[in-house]
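Inspection log for the structure reproduced underneath, given as structure tokens.
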Amino acid sequence: MRMRLRTAVLLAAWYPLAACGIQDTDVIGAGSAATVDVLPARQVRMLLFFLSPDAVLVPVPRSVGDSVFAGEQQGPANDEEAARPATEKTVTALLAGPNEAEKRAGLVNDASLPDTTTTRVSDNGAVITLAAPLDGLTRAAEWQLVCTVAFAESAQGTAMVTLRGTDGTREAARCDLQPGVEQTATETAPR
């Protein structure tokens with residue numbers, strides 16, 4: 001009886017291995033994982049920060065020059081064109097407000113943002129000079145300025161940004177948006 005049981009167990013274990021007919025193969029390298037750029041190249045876009053209808057700070061890519069946003073993207077034709085848009089141009093675009101498509105999406109500027117600023121960039125970071133008192137800015141407006149300039153200066157948004165107004169200067173701040181974390185207008189601003 002034990003002999004039959006052993007034979008049955010061995011056959012049961014051996015049969016699936018022998019009966020499938022699949023031969024061993026080597027591992028075939030397929031290359032690295034696919035990557036997709038969801039934003040236009042940094043050289044052909046600026047990243048502006050507007051407020052959503054829920055007062056959440058949202059990054060919004062905007063194409064510059066002759067580049068196209070959907071379909072094929074045109075990169076710079078040569079190294080001279082490879083420079084990113086100037087920070088001053090990016091701040092001017094922010095202060096001009098959302099374009100028609102962005103407005104239809106419900107995006108807005110904070111009402112306390114000034115019409116014009118002066119932006120100076122150095123190795124120590126960027127300084128935004130307003131021709132108005134800083135006390136008139138809401139936290140949301142400050143975050144819009146700080147994050148827009150930080151990402152204009154650094155692809156990772158790590159540049160330090162100082163706000164200067166007619167009533168003084170704020171401590172230098174860094175845009176601290178983290179992926180997956182919503183920054184709302186009520187959170188702390190760089191005061």
Side-chain angles (χ1 to χ4, degrees), residues 37-65 67 69 82-103 105-191:
D37 284 334
V38 294
L39 294 175
R42 183 170 151 87
Q43 294 83 5
V44 295
R45 63 115 172 120
M46 57 181 68
L47 198 59
L48 307 173
F49 285 79
F50 294 117
L51 298 174
S52 73
D54 299 331
V56 174
L57 195 61
V58 209
V60 179
R62 188 183 290 174
S63 294
V64 294
S67 64
F69 190 79
R84 60 182 163 66
T87 300
E88 293 80 9
K89 184 177 180 179
T90 304
V91 172
T92 300
L94 172 72
L95 297 178
N99 61 27
E100 289 306 313
E102 295 159 351
K103 286 178 186 176
L107 300 175
V108 296
N109 260 348
D110 187 87
S112 70
L113 276 177
D115 293 333
T116 59
T117 64
T118 304
T119 306
R120 184 176 46 86
V121 179
S122 70
D123 291 339
N124 297 333
V127 177
I128 303 171
T129 304
L130 309 174
L134 293 175
D135 284 341
L137 288 181
T138 65
R139 291 177 184 207
E142 289 182 18
W143 278 118
Q144 279 189 268
L145 286 166
V146 168
C147 289
T148 296
V149 172
F151 276 90
E153 285 299 307
S154 161
Q156 295 78 28
T158 56
M160 296 299 289
V161 179
T162 303
L163 298 178
R164 181 175 292 148
T166 57
D167 59 347
T169 302
R170 297 273 194 264
E171 187 176 321
R174 180 175 283 130
C175 182
D176 65 357
L177 294 180
Q178 300 171 8
V181 177
E182 292 182 350
Q183 181 80 32
T184 62
T186 58
E187 292 182 25
T188 58
R191 295 211 172 244

Exercise. How far does CD of Gln144 sit from CG of Leu94, to the nearest 0.5 angstrom?
Worked result: 5.5 Å
Problem set entry | Minimum side-chain heavy-atom gap Pro59-Phe151 below 4.5 Å | no
For this session: Report yes if some heavy atom in the side chain of Ile128 is under 4.5 Å from a heavy atom in the side chain of Val161; otherwise report no.
Result: yes
Seminar exercise, completed: In this structure, CE of Met46 is separated from NZ of Lys89 (nearest 0.5 Å) by 5.5 Å
Exercise. Under the side chain to side chain donor-acceptor pair (under 3.5 Å) test, which residues partner Ser112, sequence neighbours left out?
Worked result: Asp110, Thr138
For this session: Please examine the side chains of Leu47 and Cys147, heavy atoms only from C-beta on, and report whether any two atoms are closer than 4.5 Å.
Result: no
Exercise. Between the main-chain N or O of Val56 and the side-chain N or O of Asp54, is there a donor-acceptor pair closer than 3.5 Å?
Worked result: no
Problem set entry | Partners passing side-chain contact (heavy atoms from CB on, under 4.5 Å) against Thr92 (at least two apart in sequence or in another chain) | none
Exercise. Any side-chain heavy atom of Leu95 within less than 4.5 Å of one from Asp115?
Worked result: no
Exercise. What residues, two or more places apart in sequence or in another chain, satisfy salt bridge (Lys or Arg N to Asp or Glu O under 4.0 Å) together with Glu102?
Worked result: Arg62
Seminar exercise, completed: All heavy atoms of Val146 vs all of Cys175, minimum pair found to be CG1-N, 3.9 Å
Exercise. Is any side-chain heavy atom of Phe49 less than 4.5 Å from a side-chain heavy atom of Val60?
Worked result: no
Problem set entry | Under-4.0 Å salt bridge between Lys103 and Glu100 | yes
Exercise. Is the side chain of Asp167 donor-acceptor paired with the backbone N or O of Asp135 at a distance under 3.5 Å, no angle test?
Worked result: yes
Exercise. Between CG of Leu113 and CD of Glu142, what distance do you get to the nearest 0.5 Å?
Worked result: 10.0 Å
For this session: Output all residues satisfying side chain to side chain donor-acceptor pair (under 3.5 Å) with Ser52, sequence neighbours left out; order by chain, then residue number.
Result: none
Problem set entry | Set of residues satisfying side-chain contact (heavy atoms from CB on, under 4.5 Å) with respect to Ala131, sequence neighbours excluded | none
For this session: For Arg164 and Thr169, indicate whether the former's side chain and the latter's backbone hold a donor-acceptor pair under 3.5 Å.
Result: no
Seminar exercise, completed: To the nearest 0.5 Å, atom CG of Leu145 lies from atom OG1 of Thr162 at 12.5 Å
Exercise. What's the spacing between Leu134 CG and Thr166 OG1 if we round to 0.5 Å?
Worked result: 7.5 Å
Exercise. Do Leu107 and Leu51 have side chains that get closer than 4.5 Å, going by heavy atoms?
Worked result: no
